[in-house]
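One is the number of the first residue; the rest follow in order along the sequence. What you see below is based on every heavy atom in this structure, not just the backbone, and it leaves out hydrogens, waters and symmetry mates.
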Amino acid sequence: MSVEPQNALILHRPHATTEAIVRQLTQIGIMARCTWPDLPDGFDVTDYGVLFFDADMGHDDQFPWPAGETPIPAIALIGSEAPGRIAWAIRRGADAQLLKPVTGGGVFSALLIAREAFGRRARLRDEVTGLRHRLDGREILAEATALLMLEQGFSATEAYRALRRQAMDAQLRSRRWRRG
């Protein structure tokens, strides 16, 4: 597993912690931008490959996306192990954590863990979306089957076959139309 060169965004006040993170990122070929207390207007966080954020002083209004929907891998910087602050970092979508004060190590490991966790979460979200879409389609199919059974007097098997035939005919017409 490797970390591809990318940019990192650090949402943390100027501090020895941010300096240590920038130093470690630079050593592995990642450029960092620090900002505090807010992201600039019109800022596109997806221009960055990872977000480090302060779990101790951070707040919901710093993020333009809903809690838990962080669009890039996120690493919480935690100095206080207060349960409420840790719960907040988890709700915000932290994929990994670094304990403060950050000194000479840990950034690379946190990057790898965050990228893997973010990727796993994205794959699960896509799978759930696909399953919901398929479920919605099945509900529509069940309703259409029931309508044909009632209106045409078809058996369930006959109604399903008729719908399947219509769908296949529609696909063929669509392909012919696209080929022009």
Side-chain angles (χ1 to χ4, degrees), residues 1-140:
M1 184 181 282
S2 68
V3 174
E4 299 134 25
Q6 60 190 357
N7 294 327
L9 177 63
I10 303 171
L11 185 57
H12 192 286
R13 66 197 180 287
H15 189 270
T17 291
T18 56
E19 293 169 13
I21 293 169
V22 168
R23 195 170 36 256
Q24 289 181 56
L25 290 170
T26 301
Q27 289 175 351
I28 57 177
I30 297 174
M31 300 299 296
R33 176 178 178 178
C34 300
T35 186
W36 185 260
D38 298 309
L39 300 175
D41 288 338
F43 188 81
D44 186 1
V45 73
T46 60
D47 289 341
Y48 293 84
V50 65
L51 168 68
F52 292 82
F53 68 92
D54 187 354
D56 298 325
M57 297 181 69
H59 54 88
D60 287 338
D61 292 338
Q62 289 179 300
F63 304 97
W65 54 82
E69 295 183 24
T70 307
I72 59 174
I75 299 170
L77 302 170
I78 299 175
S80 166
E81 291 187 318
R85 295 311 303 170
I86 294 171
W88 177 82
I90 292 168
R91 279 193 315 275
R92 284 306 324 167
D95 297 300
Q97 71 174 20
L98 270 174
L99 295 179
K100 296 190 282 185
V102 176
T103 54
V107 169
F108 185 73
S109 299
L111 282 171
L112 293 177
I113 291 166
R115 288 176 58 94
E116 180 62 28
F118 180 82
R120 186 177 308 120
R121 192 165 26 108
R123 287 187 301 275
L124 286 172
R125 184 182 57 243
D126 291 346
E127 184 178 349
V128 167
T129 299
L131 290 171
R132 284 184 178 147
H133 180 72
R134 287 178 58 195
L135 182 60
D136 290 345
R138 288 182 187 215
E139 289 175 7
I140 291 168

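By the 4.5 Å heavy-atom criterion applied to side chains, Glu127 and Arg123 are not counted as neighbours. Asn7 places none of its side-chain heavy atoms less than 4.5 Å from the side chain of Arg33. Residues His59 and Asp38 form a side-chain contact, since some pair of their non-hydrogen atoms from C-beta on lies under 4.5 Å apart. Inter-residue side-chain proximity for Asp60 and Arg92 is flagged as met; some heavy-atom pair is nearer than 4.5 Å. At least one side-chain heavy atom of Phe63 sits less than 4.5 Å from a side-chain heavy atom of Leu51. Using a 4.5 Å heavy-atom cutoff, the side chains of Thr35 and Phe43 are not in contact. Using a 4.5 Å heavy-atom threshold, the side chains of Gln62 and Asp54 count as separate. Annotation: side chain of Val107 is in contact with side chain of Phe52 (closest heavy-atom distance under 4.5 Å).
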Note to self: Checking His12 against Ile21 for the side-chain contact (heavy atoms from CB on, under 4.5 Å) test, could you report, in this order, the C-alpha distance in whole Å, the side-chain angles of both residues, the deciding distance, and whether it holds?
What the structure shows: CA-CA 11 Å; His12 192 286; Ile21 293 169; over 6 Å; no

Next item on the list: Give the C-alpha distance, both sets of side-chain angles, the deciding distance and a yes or no for side-chain contact (heavy atoms from CB on, under 4.5 Å) between Leu99 and Gln97.
Entry: CA-CA 7 Å; Leu99 295 179; Gln97 71 174 20; 4.1 Å; yes

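Looking only at distances, a side-chain donor or acceptor of Thr18 sits under 3.5 Å from a matching main-chain atom of His15.
Salt bridge status for Glu19 with Arg23: absent, with no side-chain N to carboxylate O gap under 4.0 Å.
Asp61 contributes atom CG, which lies 11.5 Å from atom CG of Leu39 (distance to the nearest 0.5 angstrom). Considering CG of Asp136 and CD of Glu139, their distance stands at 5.5 Å, rounded to 0.5 Å. Atom CZ of residue Arg13 and atom CG of residue Leu77 lie 9.5 Å apart, to the nearest 0.5 angstrom. Between the CD1 atom in Ile78 and the OG1 atom in Thr17 there is a gap of 12.5 Å [rounded to 0.5 Å]. Interatomic distance, Ile90 CD1 to Asp95 CG, rounded to the nearest 0.5 Å: 11.5 Å.
Nearest approach of Ile10 to Ala32, heavy atoms of both residues: CD1-CB, 4.0 Å. Here the shortest heavy-atom pairing between Ala55 and Ala76 reads CB-CB, 4.2 Å. Heavy-atom minimum distance, Phe53 versus Ala74: CE2-CB, 3.9 Å. For the pair Leu111 and Ile75, the tightest heavy-atom approach, listed with the atom from each and the gap, is N-CD1, 3.9 Å. The nearest pair of heavy atoms linking Ala96 to Ile113 is CB-CG2, 3.9 Å. In terms of heavy atoms, Thr70 sits closest to Trp65 at OG1-NE1, 3.3 Å.
By the neighbour-count criterion of 12 heavy atoms within 6.0 Å, atom CD of Glu81 is sparsely surrounded, having that number or fewer from other residues, nucleotides or ligands.
Side chains of Gln6 and Arg115: a donor-acceptor N/O pair is present below 3.5 angstrom, by distance only.
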